[in-house]
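In what follows, a structure is listed as structure tokens, so that the remarks can point back to it.
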Amino acid sequence: MKMFRQIGAVTGMNFRSLPQRVSTSLVVVIGIAGVVAVLVSVLAMSTGLIQTMENTGREDRAIVMRNGSIAETSSALDRDSARLIVDGAGIKRDAQGEPILSAETMRILSLRKKEDDSEVNAILRGVGPKLQQLRPELKIVEGRMFQPAVTEIIVGKSAHAQFKGLNIGDVVTSRGANWTVVGIFETGGDAHESSLMTDAETLISIDKRGAFQSVTALLESPAAFQAFKDSLSSNPGLSVDVVREREYYQQQSKTLSTIISVIAYVVGGIMAVGAVFAALNTMYSAVSARLQEIATLRALGFGSTAMVMSVLAEALVLALIGGAIGALIAWLFFNGNTVSTSGGGMGQMVFELSVSPQLMILGIVWACIIGVLGGLFPAVRAARLPVAMALRAV
Amino acid sequence: MTALVTLRNVTKSYVRGKQKVEVLHGVDLSIETGEFLALMGPSGSGKTTLLNLVAGLDQPTSGEVLVAGDRIDQLSRGSLSDWRARHIGFIFQFYNLLPVLTAEANVEVPLLLTSLSKSERRRRVQLALELVGLADRARHKPNELSGGQQQRVAIARAIVSDPTLLVCDEPTGDLDRQNAEEIMNLLQALNRSQNKTIVMVTHDPKAAEYASRELHLDKGRLTNDARRAA
Ligand SMILES: Nc1ncnc2c1ncn2[C@@H]1O[C@H](COP(=O)(O)OP(=O)(O)O)[C@@H](O)[C@H]1O
Ligand SMILES: [Mg+2]
């Protein structure tokens, strides 16, 4: 109780003298705000990516690729394999009794970003005729569905927003083929919204690559996955990997989100070291400016713990202000911003930065650590001050 | 009479660079309750050093320091600061008020180390300020007060917790003659009417005249002990 009163009294005096130390204190606040803003906004990128990927794919859909393929792009399935997969166990059937699946193939299209005209690689996905049964989340929001055999495409909402030349009626030229945009679709904010889609058979016939890359099947239920997988693995005519669609997309984003997180922590860490030194410098000068006061209080009987705590409290408050400002900046300027990135075999992917409350708390925790590290040595100096000597130095 | 302060064969050395310099050489001293002692001597003779030992601000190199029944040369640094809070009221040459606090808040500072309630603290602060004649300046900051007024606030701060011993290091050293006389009258009144034991370092013979006893320190040795009739 007495201890808290001591700490409170000394801390109160420190804060009342803060106005005389605004500029040095601002250095700490701004420095820490910068660290937290960078850390939080870069991490928001990986959080956003993970969120987008977690939205992509369902538990009751499975994706089949050639054995050993890491991604669809490096997989190939010939027509015989595709036919065998149709007979797999546990695939949901439509009203006509036909299995609901889509044999798909992908091409890279070179497009330009609206933002800065830079060249990007977008995915053109060739899909089967049961696309809309397979992916009920896919909705045409403008125009209409493509027709098979006539080089028509539909474009995802994000792709339409980010890339040039994807309005309805526009023609996208690639490898001699002219694709006409006839519709715009959304898929509930998942990764597919960054891609373009057309009829798989048309795509294959145009560049005469006689193979699919993957087959995605809708299962009777999530629990049917094991039966489906087993039936394909035990088929001697097939050599394929079967994964749940959701797992596949999570796996695809993992490397990229890890890289982004590492960058965030490395850059944030380097900046944090700088901020620790700024805080150290500020708190040292705050202590030096008050040596006489500290010595007087010590003479009157205040303990060294009160001195340590009051310096730490000041550093912590400055850090908290900085941390809160930094987190707020990240949230105001970056939350919901879209970025596009390529990686993980996904082609150009568009997703939203997500400055979650957890991230903001993480940023503020970093701020506090910086504050405590920066305040610790000056605090110890205040506590160790030889009182008799300091009282002489007027 | 009981000795409130007893020093036995006290030495104090400082290390300057690689050299050890002894500034107090075997000092023996006894101060009784109710005394007003003026410690005189030329600059550099060790007055402040001796005062700091009596006040528990510093530890002797050797010898015993017994104040208010405690061997303070044997106390740890932590318990020494608690001890100071209980027993010592400080008056400094340059007042050492906290610039951000008002006069009354400055006077209240030592009471924050006690378990007194807020209203009790306020009452005592008011009393102390009245005693030094500054009740009407309670809300002023130190930089809004004259030197003499600041020193009176400092005296109020020194007596507010009713310490066993008042120690003053050159309390009039920064004041003009008239203010110095006012301060000395105040200290003398505290000694006479409230029976406060005071140890005051000064090199001003005029200030020393207010004391009941004069001691001279020369190059780290006590000489010439003189008592005055009250
Ligand atoms: N912390 C210290 N380190 C080294 N020498 C000191 C220290 N404090 C005081 N001294 C020396 O001790 C001597 C006595 O100082 P002091 O007690 O302040 O004298 P006075 O108060 O009588 O002027 C002086 O020579 C001074 O320089
Ligand atoms: Mg001195």
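Just so it is clear: chains get the letters A, B, ... in the order the sequence lines come, proteins before strands, and each one is counted from 1. Atom set for the values below is all heavy atoms of this structure, side chains included, hydrogens, waters and symmetry mates excluded.
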Would you call [X]-[Y] a salt bridge at under 4.0 Å N-O?
| X | Y | result |
| --- | --- | --- |
| A/E293 | A/R298 | no |
| B/K47 | B/D218 | no |
| B/E120 | B/R123 | yes |
| B/D162 | B/K196 | yes |

### Pair B/K12-B/E22, salt bridge (charged side-chain N to carboxylate O under 4.0 Å, His left out): steps then yes or no
CA-CA 6 Å; B/K12 177 71 183 175; B/E22 192 173 276; over 6 Å; no
### Residues of residues 265-279 of chain A near chain B, each having a heavy atom less than 4.5 Å away
none
### Task
Can you check whether anything in residues 14-26 of chain A gets within less than 4.5 Å of chain B, heavy-atom wise, and list it by number?
A/R16, A/S17, A/Q20
### Query
Would you find more than 12 non-hydrogen atoms of other residues, nucleotides or ligands less than 6.0 Å from A/W331 atom CH2?
no
### Message
If you count heavy atoms of other groups shown closer than 6.0 angstrom to CZ of B/R86, is the number above 12?
### Response
yes
#### Entry: Structural part of B/I88 lying under 4.5 Å from a heavy atom of chain A
neither
### Message
Under 4.5 Å from any heavy atom of chain A, what part of B/L116 do you find: side chain, backbone, both or neither?
### Response
backbone
Distance-only check: which donor-acceptor pairs under 3.5 Å involve side-chain atoms of residues 352-363 of chain A, not counting sequence neighbours?
unit_1 : atom_1 : unit_2 : atom_2 : d
A/S354 : OG     : A/Q51  : OE1    : 3.3
A/S354 : OG     : A/Q51  : NE2    : 3.4
A/S356 : OG     : A/L359 : N      : 3.3

### Query
Where does the angle between the aromatic ring planes of B/F92 and B/F90 fall among parallel (under 30°), tilted (30 to 60°) and perpendicular (over 60°)?
parallel
### Query
chain A: which of B/D169, B/L80, B/L97, B/L98 shares the most heavy-atom pairs with it under 4.5 Å?
B/L98
### Summary
Checked B/P110, B/S115, B/S161 vs chain A; the most non-hydrogen pairs under 4.5 Å come from B/S115
### Query
Which residues satisfy the ring-ring contact (aromatic ring centres under 6.0 Å, His included) test with B/F36, sequence neighbours excluded?
none
## Note on the structure
Checking A/I32, A/L373, A/L320 against A/C368 for side chain to side chain contact (heavy atoms under 4.5 Å, CB included), the one that qualifies is A/L320
